Peer 1: 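Below you'll find the structure I mean.
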Amino acid sequence: MLVHPSSIDLSNRSLRFLTRQLVVRRQEIGTRWRRLSAARQAMVVALAYLRCGDTYAQLAAGFGIGIATVYRYIREAVDLLAALAPTLTEAMETIREKAFVILDGTLLPIDRIAADTPYYSGKHKRHGMNVQVLTDPFGRLLWASPALPGSTHDLTAARQHGIIDALADAGLSCWADKAYQGAGGPVRVPFRGRRLKRWKRRHNTTHAKIRCIGEQAMATLKGWRLLRKLRCSTNRITDVVKAVLVLHHASA
């Protein structure tokens, strides 16, 4: 197998954070020996799997372990990280201190077949999972929702997750795109229509400038290459997103 040195754009703090969590986990369950150390396991999960999107076969060959071992290592670490992810209620303790937030939805592509109708997004013309994201005024990722089938409308997803009610209870303003038309409460959306008055067009321009800051959070998510094309079970995607969120916050 050919190998070559390369760099990975991930903070050492993320790797150290995951390594500490894995060491504690091994102590709790009384692990005596494993093929890879906690630090190497963290590299498998945080760097090679989540950040680079390498397959199980590539990881097994690269780290000199079996595919079943790779699966167990990844499952253990992702579950461990997902358990540390904040709920929306917990995240609101930090979010309520912001001047406002930006709400947007994204589709995480998956390798589903055409028969899987619930996962097909008519808007994006592909199969995927819908994830709602809250961003601060500077484009920093604050919270990501559990994943829903790609056919779920953004407004439906926001209501199902309780995002709108949580923002209303906190008295916090929220900027969102036209997909959230009719959300009411704290959610501000642009005006719809082609022949708008001049002041409405100016409002939409200002609104778009604010919303585009939220795209930085989307870029943060998609920086984890696994999320660009998920090959795992759809039942595992929520935990993967939570794991990425925890590692992202650990590196901040």
Side-chain angles (χ1 to χ4, degrees), residues 85-109 119-224 227-228 238 241 244-245 248-249 252:
T87 63
L88 178 58
T89 302
E90 294 170 342
M92 287 304 299
E93 296 301 319
T94 301
I95 294 173
R96 66 174 67 249
E97 299 175 359
K98 307 297 180 181
F100 64 88
V101 293
I102 303 169
L103 171 63
D104 201 0
T106 186
L107 187 81
L108 302 180
Y119 302 102
Y120 185 77
S121 169
K123 175 182 177 181
H124 297 277
K125 308 300 182 185
R126 65 191 309 176
H127 292 82
M129 299 293 284
N130 181 300
V131 172
Q132 300 294 300
V133 172
L134 287 173
T135 311
D136 74 3
F138 300 98
R140 292 189 289 256
L141 178 62
L142 297 174
W143 180 78
S145 74
L148 294 175
S151 61
T152 308
H153 192 275
D154 282 338
L155 178 56
T156 301
R159 285 174 171 164
Q160 187 168 332
H161 295 309
I163 298 173
I164 298 172
D165 290 339
L167 294 173
D169 292 342
L172 195 61
S173 297
C174 172
W175 300 78
D177 60 27
K178 295 177 182 179
Y180 300 89
Q181 199 84 29
V187 181
R188 302 179 181 181
V189 297
F191 292 104
R192 301 183 66 179
R194 295 183 177 180
R195 297 181 180 180
L196 297 175
K197 294 183 179 180
R198 184 176 300 176
W199 71 270
K200 289 186 177 181
R201 294 199 300 270
R202 288 199 299 266
H203 174 275
N204 282 1
T205 299
T206 303
H207 197 285
K209 289 180 180 179
I210 294 174
R211 283 199 334 272
C212 72
I213 299 174
E215 294 300 323
Q216 297 179 31
M218 297 302 181
T220 297
L221 276 181
K222 299 300 176 66
W224 298 81
L227 298 182
R228 298 178 188 177
T238 291
V241 173
V244 166
L245 180 66
H248 169 68
H249 286 165

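Sequential numbering from 1 along the given sequence is applied to the chain's residues. Worth saying up front: this structure is predicted, and the values here are computed from it rather than measured.
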Peer 1: Are the side chains of Gln132 and Leu148 in contact, using a 4.5 Å heavy-atom criterion?
Peer 2: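 In short, these two side chains do not touch, never coming nearer than 4.5 Å.
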Peer 1: Does the Glu215 side chain pair with the main chain of Cys212, one donor and one acceptor, at a distance under 3.5 Å?
Peer 2: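 Side chain of Glu215 to backbone of Cys212, a donor-acceptor pair under 3.5 Å: no, none is there.
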Peer 1: Distance check, rounded to the nearest 0.5 Å: Leu134 atom CG versus Thr94 atom OG1?
Peer 2: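 Interatomic distance, Leu134 CG to Thr94 OG1, rounded to 0.5 Å: 12.0 Å.
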Peer 1: Measure the spacing between CD1 of Ile95 and OG1 of Thr89 and express it to the nearest 0.5 Å.
Peer 2: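 Output value for this atom pair is 10.0 Å.
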Peer 1: Does any non-hydrogen side-chain atom of Gln216 lie less than 4.5 Å from one of Thr135?
Peer 2: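 Sidechains of Gln216 and Thr135: no contact.
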Peer 1: At what distance, to the nearest 0.5 angstrom, does CG of Leu172 lie from CD of Glu97?
Peer 2: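 Answer for the CG-CD pair, Leu172 versus Glu97, is 10.5 Å.
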Peer 1: Does some side-chain heavy atom of Lys123 sit less than 4.5 Å from a side-chain heavy atom of Asp154?
Peer 2: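 Of all side-chain heavy-atom pairs linking Lys123 with Asp154, at least one is under 4.5 Å.
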Peer 1: What is the minimum heavy-atom distance between Pro186 and Ala168, and which atoms define it?
Peer 2: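 Looking at all heavy atoms of both residues, the closest pair is CG-N, 3.7 Å.
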Peer 1: Measure the shortest side-chain to side-chain distance between Ile213 and Trp175 over non-hydrogen atoms and say whether it is less than 4.5 angstrom.
Peer 2: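 Not touching, per the 4.5 Å side-chain cut-off.
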Peer 1: Could you measure the distance from the CZ atom of Arg201 to the OG1 atom of Thr206? Nearest 0.5 Å is fine.
Peer 2: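 Result: 13.0 Å between the selected atoms.
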Peer 1: Quick check: do Pro86 and Glu93 have side-chain heavy atoms less than 4.5 Å from each other?
Peer 2: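 No. Closest side-chain heavy atoms not under 4.5 Å.
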Peer 1: Measuring from Trp143:CH2 to Leu103:CG, what's the distance to the nearest 0.5 Å?
Peer 2: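 It comes to 9.0 Å.
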Peer 1: Is a side-chain donor or acceptor of His124 paired with a backbone partner of Pro109 at a separation under 3.5 angstrom?
Peer 2: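 No, the answer is negative, given that no donor and acceptor are paired below the 3.5 Å cut-off.
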Peer 1: Which atom pair, heavy atoms only, marks the closest approach of Leu108 to Leu227?
Peer 2: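 Here Leu108 and Leu227 meet closest at CD2-O, 3.8 Å.
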Peer 1: Do you know the tightest heavy-atom contact between Pro190 and His203?
Peer 2: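 Scanning both residues, the minimum pair turns out to be CA-CE1, 4.5 Å.
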Peer 1: Considering only heavy atoms from C-beta outward, does the side chain of Leu155 approach that of Ile164 to under 4.5 Å?
Peer 2: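 SC-SC contact between Leu155 and Ile164 confirmed.
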Peer 1: State, to 0.1 Å, how close Tyr180 and Asp104 come at their nearest heavy-atom pair, and which atoms those are.
Peer 2: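 Heavy atoms only, the tightest pair is OH-C, 3.3 Å.
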Peer 1: Taking all non-hydrogen atoms of both residues into account, name the closest pair between Thr152 and Asn130 and its distance.
Peer 2: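 In terms of heavy atoms, the two residues are closest at O-ND2, 3.2 Å.
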Peer 1: Counting heavy atoms not belonging to Arg126, are there more than 12 under 6.0 Å from its CZ?
Peer 2: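 Atom CZ in Arg126 is not packed in, count stays at 12 or less.
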Peer 1: CZ/Arg140 to NE2/His249 distance, rounded to the nearest 0.5 angstrom?
Peer 2: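 Answer for the CZ-NE2 pair, Arg140 versus His249, is 10.0 Å.
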Peer 1: Do you know the tightest heavy-atom contact between Ile210 and Phe100?
Peer 2: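 Closest approach of Ile210 to Phe100, heavy atoms only: CG2-CE1, 3.7 Å.
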Peer 1: With a 4.5 Å limit on heavy-atom distance, are the side chains of Asp169 and Met92 in contact?
Peer 2: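 SC-SC contact between Asp169 and Met92 ruled out.
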Peer 1: How about Thr106 and Lys222: do any of their side-chain heavy atoms sit closer than 4.5 Å?
Peer 2: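 Thr106 reaches Lys222 side chain to side chain.
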